[in-house]
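Take a look at the structure below.
Atoms considered below: every heavy atom in the structure, side chains included; atoms not considered: hydrogens, waters and symmetry mates.
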Amino acid sequence: MATIKDVAKKAGVSISVVSKTFNNYSDVSEETRQRILEIAKDLDYSPNIVAKNLSSKKQLTFGLISSGVLNNNEKDNNAFDIFKGVYKAVSESPYELSIYLIDSLSQKQQSYLQYCRERNIGGAILQGIRTDDPYYKELIDTNVPCVVLDIMTETENGLIGSVSIDNARAGRDIAGFLLKNGHRDIVVVAGTRETYVNSERLKGVQQAYREAGLELEENHIVYADFSEQQAFAAAKKRLKFHKPTAFLCFSDLMAFGVMKAIAEAGFSVPEDISVTGFDDLVFSSYTQPALTTIQQDFVEIGRKSAKLLQELKEGKQGQQHLYVEHQLIERQSVRKLK
């Protein structure tokens with residue numbers, strides 16, 4: 001395999017001139033540049049990006065660190081859409097992109113900070129990370145610029161940003177939709193208690209109830225960890241002693257599980273029980289009936305997170321939280337009550 005020394009020797013120039021050519025320095029003549037590039041092509045030589053970053057004073061790699069994606073339900077395409085958005089933005093910038101897919105086992109083997117240091121990563125986007133993650137605080141408290149998705153975080157160094165939809169307003173929108181359609185006996189199928197998005201969506205639902213002069217009772221909230229299987233089990237258990245007019249689910253996956261439990265209990269959606277979701281997965285428009293839900297633009301969330309990270313890295317922007325617009329998608333899974 002050809003090295004930079006081989007290219008320099010054949011071109012009759014120093015190694016530093018070859019390095020300057022590949023780093024687009026202006027003090028290399030166009031004639032010399034073209035000769036070096038032709039020789040490099042003939043020798044099948046290409047610069048090592050990792051070595052290039054390590055030798056550079058400026059870190060040119062961003063890391064997308066995604067937790068839990070390997071364990072995701074096959075119906076959940078959110079992570080892939082975020083990848084697309086991040087990749088699109090990074091490809092239009094001077095930065096490279098390194099993707100780190102992790103689960104609980106790999107987190108025990110290598111921390112986020114260790115991963116960033118080994119690859120000379122200049123900034124990181126954190127997806128699917130929980131605030132109680134043992135390595136989360138370690139990374140955001142360093143001087144590595146970070147953008148976290150679906151968590152609002154503040155640090156003293158001003159190098160942290162976050163991107164999400166306005167989850168509280170979205171929760172208010174979907175709950176308000178059910179209430180305006182006459183539903184009062186609603187069971188909220190929440191996700192994981194410890195997550196930021198869950199608490200924000202719940203705040204929004206409670207606000208919608210207050211605006212309607214009502215109060216959401218604690219015994220009308222069940223937690224299903226954003227899992228289709230757990231939502232199915234929770235709804236099946238609930239339907240043995242209580243038939244609500246609607247289930248308000250904090251994810252489409254949980255709505256799928258609830259719809260299955262309703263069918264197995266001998267009821268129909270929406271004739272007997274209405275169901276709403278959250279996310280607008282691809283499968284949500286193909287369920288029978290099609291699912292009413294909150295649509296998130298995950299590609300745009302990914303794109304904005306990469307743009308914000310670049311601004312933080314280059315000192316063009318201070319710590320901030322960016323919202324991406326959401327939309328209430330009305331389909332056929334909600335019945336209007338008299």
Task: Any D173 side-chain heavy atom under 4.5 Å of Q327 side chain - done: no

Task: Any donor-acceptor N/O pair, S285 side chain to A290 backbone, under 3.5 Å - done: no

Open item on the list: Ignoring hydrogens, what is the shortest heavy-atom contact between S284 and D252? Give both atom names and the distance.
Closed with: OG-OD2, 2.5 Å

Open item on the list: Would you say that N198 contacts Y223 through its side chain, given a criterion of any heavy-atom pair below 4.5 Å between the two side chains?
Closed with: yes

TODO: Return yes when atom CD of E31 has more than 12 non-hydrogen atoms of other residues, nucleotides or ligands closer than 6.0 Å, and no otherwise.
DONE: no

Task: From L291 atom CG to Y286 atom OH, the distance as rounded to the nearest 0.5 Å - done: 14.0 Å

TODO: Could you tell me whether the side chain of V163 reaches within less than 4.5 Å of the side chain of V324, counting heavy atoms only?
DONE: yes

TODO: Please report the C-alpha distance between H242 and V187 in whole Å, then the side-chain angles of each, then the deciding distance to 0.1 Å, and finally whether the side chain to side chain contact (heavy atoms under 4.5 Å, CB included) criterion is met.
DONE: CA-CA 10 Å; H242 174 213; V187 170; 3.8 Å; yes

Task: Residue pair R184, L214: steps toward the side chain to side chain contact (heavy atoms under 4.5 Å, CB included) verdict - done: CA-CA 9 Å; R184 294 296 182 269; L214 303 168; 3.3 Å; yes

Open item on the list: Within the 4.5 Å heavy-atom criterion, are L97 and I99 side-chain neighbours or not?
Closed with: yes

- [ ] Could you walk me through whether D6 and Y45 pass side chain to side chain contact (heavy atoms under 4.5 Å, CB included), step by step?
- [x] CA-CA 9 Å; D6 298 325; Y45 167 80; over 6 Å; no

Task: Side-chain donor or acceptor of S268 paired with backbone N/O of E271 under 3.5 Å - done: no

Task: Closest non-hydrogen atom pair, L239 against P244 - done: CD2-CD, 4.1 Å

Open item on the list: Just so I know, are the side chains of F298 and N77 near enough to count as touching, which here means a heavy-atom distance under 4.5 Å?
Closed with: no

Task: Distance in Å, E330 CD paired with T293 OG1, rounded so as to fall on 0.5 Å steps - done: 12.0 Å

Task: Short side-chain donor-acceptor distance under 3.5 Å, S16 and S19 - done: no

Open item on the list: To the nearest 0.5 Å, what is the distance between CD1 on I262 and NZ on K236?
Closed with: 13.5 Å

Open item on the list: Apply salt bridge (Lys or Arg N to Asp or Glu O under 4.0 Å) to residues K304 and D297 and explain how you reach the verdict.
Closed with: CA-CA 11 Å; K304 277 197 172 184; D297 188 342; over 6 Å; no

Open item on the list: Given V197, which partner from the list N167, I151, I165, L202 fulfils the side-chain contact (heavy atoms from CB on, under 4.5 Å) test?
Closed with: N167

Task: H183 NE2 to T276 OG1 distance, which is reported to the nearest 0.5 Å - done: 9.5 Å

Task: Side chain proximity check, K20 to D27, heavy atoms < 4.5 angstrom - done: yes

- [ ] Report yes or no: do V147 and V299 belong to one cluster of Ile/Leu/Val/Met/Phe/Trp/Tyr joined by side chain heavy-atom distances under 4.5 Å?
- [x] no

Task: Nearest heavy-atom neighbours spanning A235 and A261 - done: CB-CB, 3.7 Å

- [ ] Look at E211 together with R172 and state whether they make a salt bridge at an N to O cut-off of under 4.0 Å.
- [x] yes

TODO: Evaluate whether atom OH of Y87 has more than 12 neighbouring non-hydrogen atoms of other residues, nucleotides or ligands under 6.0 angstrom away.
DONE: no

Task: Hydrophobic cluster identity match, V282 and F80, side-chain contacts under 4.5 Å - done: no

Open item on the list: Could you report the tightest heavy-atom contact between V334 and S274, atom names first, then the distance?
Closed with: CA-OG, 3.4 Å

Open item on the list: I'd like to know if K41 pairs up with E38 as an ion pair, taking the criterion as any Lys NZ or Arg NE/NH1/NH2 lying under 4.0 Å from an Asp or Glu carboxylate oxygen.
Closed with: no

Open item on the list: Over 60° means perpendicular and under 30° means parallel, so tell me whether F283 and F256 are parallel, tilted or perpendicular.
Closed with: perpendicular

Open item on the list: Working to the nearest 0.5 angstrom, can you tell me the gap between D280 CG and Q296 CD?
Closed with: 9.5 Å

- [ ] Can you establish whether the number of heavy atoms outside K9 located under 6.0 Å from its atom NZ is more than 12?
- [x] no

TODO: Quick one: pull up CG in L308 and CG in L322 and give me the separation to the nearest 0.5 Å.
DONE: 5.0 Å

Task: cation_pi(K243, F267) dist<6.0 Å, angle<=45 - done: yes

TODO: Check whether L328 and L281 end up in the same hydrophobic cluster, where Ile, Leu, Val, Met, Phe, Trp and Tyr are linked by side-chain heavy atoms less than 4.5 Å apart.
DONE: yes

Open item on the list: Please say yes or no: joined through hydrophobic side-chain contacts below 4.5 Å, possibly via intermediate residues, are L216 and F278 part of one cluster?
Closed with: yes

Task: Worked verdict on T192 versus T195 for side chain to side chain donor-acceptor pair (under 3.5 Å) - done: CA-CA 6 Å; T192 308; T195 58; 5.0 Å; no

TODO: Would you check, one step at a time, whether the test side chain to side chain contact (heavy atoms under 4.5 Å, CB included) holds for N181 with L337?
DONE: CA-CA 6 Å; N181 277 279; L337 302 182; over 6 Å; no

Task: Within one Ile-Leu-Val-Met-Phe-Trp-Tyr cluster: F250 and F232, side-chain cutoff 4.5 Å - done: no

Open item on the list: With a 4.5 Å cut-off on side-chain heavy atoms, are M254 and F247 touching?
Closed with: no

- [ ] Would you indicate whether the side-chain heavy atoms of R169 and E325 approach each other to under 4.5 Å?
- [x] yes

Open item on the list: Is it the case that the side chain of T292 and the backbone of R331 share a donor-acceptor pair, with hydrogens and angles ignored and the cut-off at 3.5 Å?
Closed with: yes

Task: Closest non-hydrogen atom pair between I36 and A11, with its separation - done: CG1-CB, 4.1 Å

Task: Salt bridge D166-R201, side-chain N to carboxylate O under 4.0 Å - done: no

Task: Closest non-hydrogen atom pair between A208 and A175, with its separation - done: CB-CB, 3.7 Å

